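First comes the structure, then the notes that go with it.
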Amino acid sequence: MADADDFRLIRDIVAHGGHRQTLGNVDRTRYQRLVDLGWLDAFSINISDVLYKVTERGKAAAAR
């Protein structure tokens, strides 16, 4: 179940172009929650970097 932090994060990602990249050894827990909700797709760029893109479901959630 999504909470207020999830909605805040997805709205921020949508407002800044619909994608977010994490570099290096960082905590990706909050992004993984959005992947689990179907709001983001995750693409491994290399062993330490991940690109997240908003899905249609994520765009709908951001519009709520």
Side-chain angles (χ1 to χ4, degrees):
M1 182 135 200
D3 63 21
D5 288 334
D6 297 329
F7 283 102
R8 199 171 7 258
L9 180 56
I10 196 67
R11 287 180 185 128
D12 183 60
I13 295 170
V14 168
H16 290 94
H19 62 277
R20 178 79 41 95
Q21 186 173 351
T22 58
L23 305 171
N25 185 19
V26 297
D27 182 7
R28 294 181 175 88
T29 305
R30 61 191 194 145
Y31 299 106
Q32 186 58 47
R33 283 182 48 82
L34 300 187
V35 170
D36 294 342
L37 289 166
W39 296 359
L40 292 178
D41 285 328
F43 303 93
S44 294
I45 297 171
N46 59 45
I47 196 164
S48 63
D49 304 340
V50 179
L51 175 66
Y52 297 94
K53 291 189 177 183
V54 175
T55 64
E56 290 302 316
R57 190 172 178 182
K59 289 176 188 175
R64 290 187 206 169

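Only a predicted model underlies this, so the values are computations on that prediction, with no experimental measurement involved.
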(request) Any chance you could measure Ser48, atom OG, to Asn25, atom CG, to the nearest 0.5 Å? (result) 8.5 Å
(message) Given 3.5 Å as the limit, does a donor-acceptor pair link the side chain of Arg11 with the main chain of Arg64, or not?
(response) yes
(message) Please give me the minimum heavy-atom distance between Gln21 and Ile45, naming the atom from each residue.
(response) NE2-CD1, 3.3 Å
(request) Output the rest of the hydrophobic cluster of Val54: all Ile, Leu, Val, Met, Phe, Trp and Tyr residues reachable through side-chain heavy-atom contacts under 4.5 Å, sorted by chain and number. (result) Phe7, Leu9, Ile10, Ile13, Val14, Tyr31, Leu34, Val35, Leu37, Trp39, Leu40, Val50, Tyr52
(message) Would the distance check show the side chain of Asp49 and the main-chain N or O of Gly24 forming a donor-acceptor pair, the cut-off being under 3.5 Å?
(response) yes
(message) Are the side chains of Asp5 and Arg30 in contact, using a 4.5 Å heavy-atom criterion?
(response) no
(message) Nearest 0.5 Å, please: how far is OG1 in Thr29 from CZ in Arg33?
(response) 9.5 Å
(request) Could you identify which residues cluster with Ile47, counting Ile, Leu, Val, Met, Phe, Trp and Tyr as linked when any side-chain heavy atoms lie under 4.5 Å apart, either directly or through a chain of such contacts? (result) none
